[in-house]
Amino acid sequence: MLEKLFTDIAGIWNKYGMVYLDGIKNTVILATTATVIGCVIGLICGILNTIPVSSRDPLPKRIFLKIVRIILRVYVEVFRGTPMILQAVFIYYGIPYFFGVSFDSIWTVSIVVVSINTGAYMAESVRGGIMSIDIGQTEGAKAIGMNHWQTMTGVILPQAFRNILPQIGNNYIINIKDTSVMFIIGFSDFFAVHKMVSGAIFTYFPSAFMEMFGYLVLTLVASGLLRLLEKHMKGDKNYELASGDQLVMAAGTYKVPSSAEPFEERSREFGGKR
Amino acid sequence: MSEHILEVRHLSKSFGSHQVLTDIDFNVSKGDVTCIIGASGSGKSTLLRCINLLETPTGGEILYHGQDVTGSRIDQCAYRAKVGMVFQSFNLFSNMTVLKNCVYGQVKVAKTDKAAAREKAMYYLGKVGMQEYINAKPDQLSGGQKQRVAIARALAMEPEILLFDEPTSALDPEMVGEVLDVMRNLARDGMTMLVVTHEMAFARDVSTRVVYMADGVIAEEGPPSQVMTDPVNPRTREFLARFL
Ligand SMILES: Nc1ncnc2c1ncn2[C@@H]1O[C@H](COP(=O)(O)OP(=O)(O)O)[C@@H](O)[C@H]1O
Ligand SMILES: [Mg+2]
């Protein structure tokens with residue numbers, strides 16, 4: 001039995017090997033690009049979602065932020081709450097339907113669809129990641145005058161990102177598998193190759209076997225890479241005491257300000273919003 | 001323009017219906033070392049947080065060189081950069097080394113160039129005795145070391161006034177001294193400081209003025225020699241009796 005399977009697979013491979021490889025290449029490119037873009041979307045949502053509002057802010061600002069939050073909420077619920085295969089159809093046919101322009105490439109639509117789908121999941125992960133960081137660090141940043149953007153990009157998100165790496169990995173693996181639904185709009189990924197080849201030469205099982213094996217290898221490699229990234233981001237456990245050279249370099253060259261600058265000189269930078 | 005760096009006028013703060021601060025009035029002039037003492041829950045932290053705008057006051061005003069900072073018209077960030085704060089829980093940036101903790105704000109907020117910021121950071125880390133540890137991450141330091149770095153980070157912004165909220169309360173007893181020493185040196189160098197503390201010896205020896213708070217109001221204030229040895233208000237006496 002096994003022998004027959006391997007001969008069949010060898011047969012398919014000889015004839016269609018390059019096509020399968022090409023499918024794998026498309027799958028990997030789509031999944032990787034969309035995961036990266038999805039993460040960026042998620043991080044941006046996280047920044048927007050956490051812009052602080054206080055009762056002393058002017059009303060238009062408060063209304064604007066409220067609207068932003070509602071839009072983000074709707075985005076997350078809609079794209080998490082519907083099948084990606086439908087989202088693909090919806091966007092692929094919907095955009096030309098309403099705007100009369102069609103996508104010039106199936107790649108563009110596919111990346112857009114998978115990215116915003118991933119973004120919806122990532123937005124929630126990032127929100128959780130931000131909440132997992134002790135509020136004290138945000139206050140420490142505020143106390144030295146850092147604004148929301150500086151605090152988020154410099155302090156909170158790098159830590160939140162590290163905390164949610166496992167979830168990013170999850171999404172990456174899901175994307176490697178689930179981009180297969182993009183065949184619905186004609187994207188030729190790894191799975192689409194199976195449908196095409198089996199349809200032509202009726203080798204359903206051997207081809208399915210190759211697909212199973214192929215996807216498994218891809219996802220194992222992906223999770224291995226993510227482990228490496230996780231380890232890399234953890235950083236060194238030890239630190240070195242600054243050596244003589246480093247200390248000498250910095251010693252004594254700095255002059256203490258004789259007195260704090262009077263407020264008048266600073267008032268231009270201090271007064272008025274930016 | 002006023003001679004005071006900071007004037008707090010009729011400041012009040014409530015959380016919902018819970019009135020935490022009522023009609024607080026006091027001034028801070030250059031070089032003042034004001035210690036705020038009082039029972040836990042009396043509103044000391046809330047007062048400092050209002051001054052640094054981490055909380056929005058519900059009434060009254062806070063004048064910084066005569067300009068009210070409680071409105072929405074001022075640049076909060078620029079103001080905060082001039083009013084440093086040291087927290088009980090250090091609040092260092094865990095993702096950055098000691099050096100970067102002290103450099104980041106300078107570069108991003110004060111727009112100091114990197115080399116100058118580094119130099120300044122090294123100077124202040126030296127002042128708190130932490131310059132050997134520039135490559136360490138906060139998680140690798142002891143509480144006392146973390147707090148000294150936090151002080152250096154605040155100093156590196158060259159604030160006009162530095163607020164301390166119980167800077168030694170989260171420390172093991174053997175580390176309290178090293179942090180208080182750093183603060184003593186700062187006071188000696190003329191830094192304007194507003195310190196919430198339970199370290200009565202520090203308040204007595206270092207401060208130029210002591211403020212005793214009870215139930216959200218300033219119950220008594222004056223020079224430490226008076227407030228701490230000969231308080232007028234019986235509540236102050238009662239409070240101090242628990243420490244001495
Ligand atoms: N964010 C908050 N929400 C509601 N109540 C608060 C908040 N922060 C402080 N309080 C209340 O305000 C009072 C004063 O607190 P705090 O300023 O921390 O006192 P202290 O620092 O003197 O111990 C307490 O009763 C506390 O419960
Ligand atoms: Mg407190």
Side-chain angles (χ1 to χ4, degrees), chain A residues 54-58 61 133-151 153-162 233 235-243 246-247 249-257 259-264 266-267 269-274, chain B residues 1 5 30 49 52-54 56 64-67 70-87 89-97 104-105 108-110 116 118-123 126 131-137 140 150 153-154 156-160 163 189:
Chain A
S54 82
S55 50
R56 41 171 264 171
D57 285 323
K61 183 181 170 193
I133 309 296
D134 165 35
I135 184 79
Q137 292 194 47
T138 307
E139 298 199 328
K142 275 187 182 171
I144 54 173
M146 288 167 63
N147 61 30
H148 181 65
W149 171 258
Q150 292 161 345
T151 307
T153 54
V155 179
I156 306 300
L157 289 180
Q159 295 177 63
F161 187 80
R162 222 178 62 182
M233 292 194 63
D236 273 345
K237 238 175 89 67
N238 301 311
Y239 60 92
E240 294 197 14
L241 287 180
S243 64
Q246 269 175 306
L247 293 180
M249 205 173 75
T253 36
Y254 174 66
K255 286 258 288 292
V256 208
S259 68
E261 287 140 280
F263 181 64
E264 282 81 354
R266 300 225 128 216
S267 60
E269 121 192 9
F270 168 71
K273 289 185 97 89
R274 59 191 97 180
Chain B
M1 278 288 148
I5 298 178
K30 189 162 161 44
R49 293 169 59 82
N52 205 6
L53 301 180
L54 288 174
T56 311
Y64 176 68
H65 291 282
Q67 187 177 350
T70 57
S72 61
R73 320 213 65 168
I74 63 122
D75 181 346
Q76 275 193 19
C77 292
Y79 167 68
R80 287 204 188 103
K82 290 279 120 202
V83 179
M85 180 137 173
V86 174
F87 301 83
S89 49
F90 327 121
N91 295 354
L92 292 172
F93 307 139
S94 313
N95 60 321
M96 299 181 191
T97 61
Y104 198 78
K108 296 291 173 181
V109 180
R118 203 190 124 92
E119 223 167 73
K120 218 192 277 187
M122 287 304 286
Y123 171 79
Q131 71 200 118
E132 271 187 295
Y133 294 88
I134 48 173
N135 299 322
K137 290 277 183 72
Q140 298 164 323
R153 178 179 71 179
M157 300 301 293
E158 293 184 335
E160 259 192 279
L163 317 176
D189 292 351

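Chain A is the first sequence line, chain B the second, and so forth, proteins listed ahead of strands; every chain is numbered from 1. Just so we're clear, the structure is a prediction, and the values are computed from it rather than from any experiment.
Residues satisfying the side chain to side chain donor-acceptor pair (under 3.5 Å) criterion with B:Thr97, sequence neighbours excluded, are absent altogether.
Heavy-atom distances place the side chain of B:Tyr104, and not its backbone, under 4.5 Å from chain A. For B:Ser94, the parts lying under 4.5 angstrom from a heavy atom of chain A are both the backbone and the side chain. Contact annotation for B:Leu163: neither backbone nor side-chain heavy atoms come within less than 4.5 Å of a heavy atom of chain A. Using a 4.5 Å cut-off between heavy atoms, B:Asn52 contacts chain A through its side chain alone, with no backbone atom that close. Neither the backbone nor the side chain of B:Val86 comes within contact range of chain A; no heavy atoms are under 4.5 Å apart.
Within the 4.5 Å cutoff, no side-chain heavy atoms of B:Leu92 are placed close to those of B:Lys137. Within the 4.5 Å cutoff, no side-chain heavy atoms of B:Thr70 are placed close to those of B:Thr56. B:Asn95 is not listed as a side-chain neighbour of A:Arg162, based on a closest heavy-atom distance of 4.5 Å or more.
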**Request:** Assess whether side chain to side chain donor-acceptor pair (under 3.5 Å) is satisfied between B:Asn91 and A:Glu139, documenting all intermediate values.
**Result:** CA-CA 7 Å; B:Asn91 295 354; A:Glu139 298 199 328; 4.6 Å; no
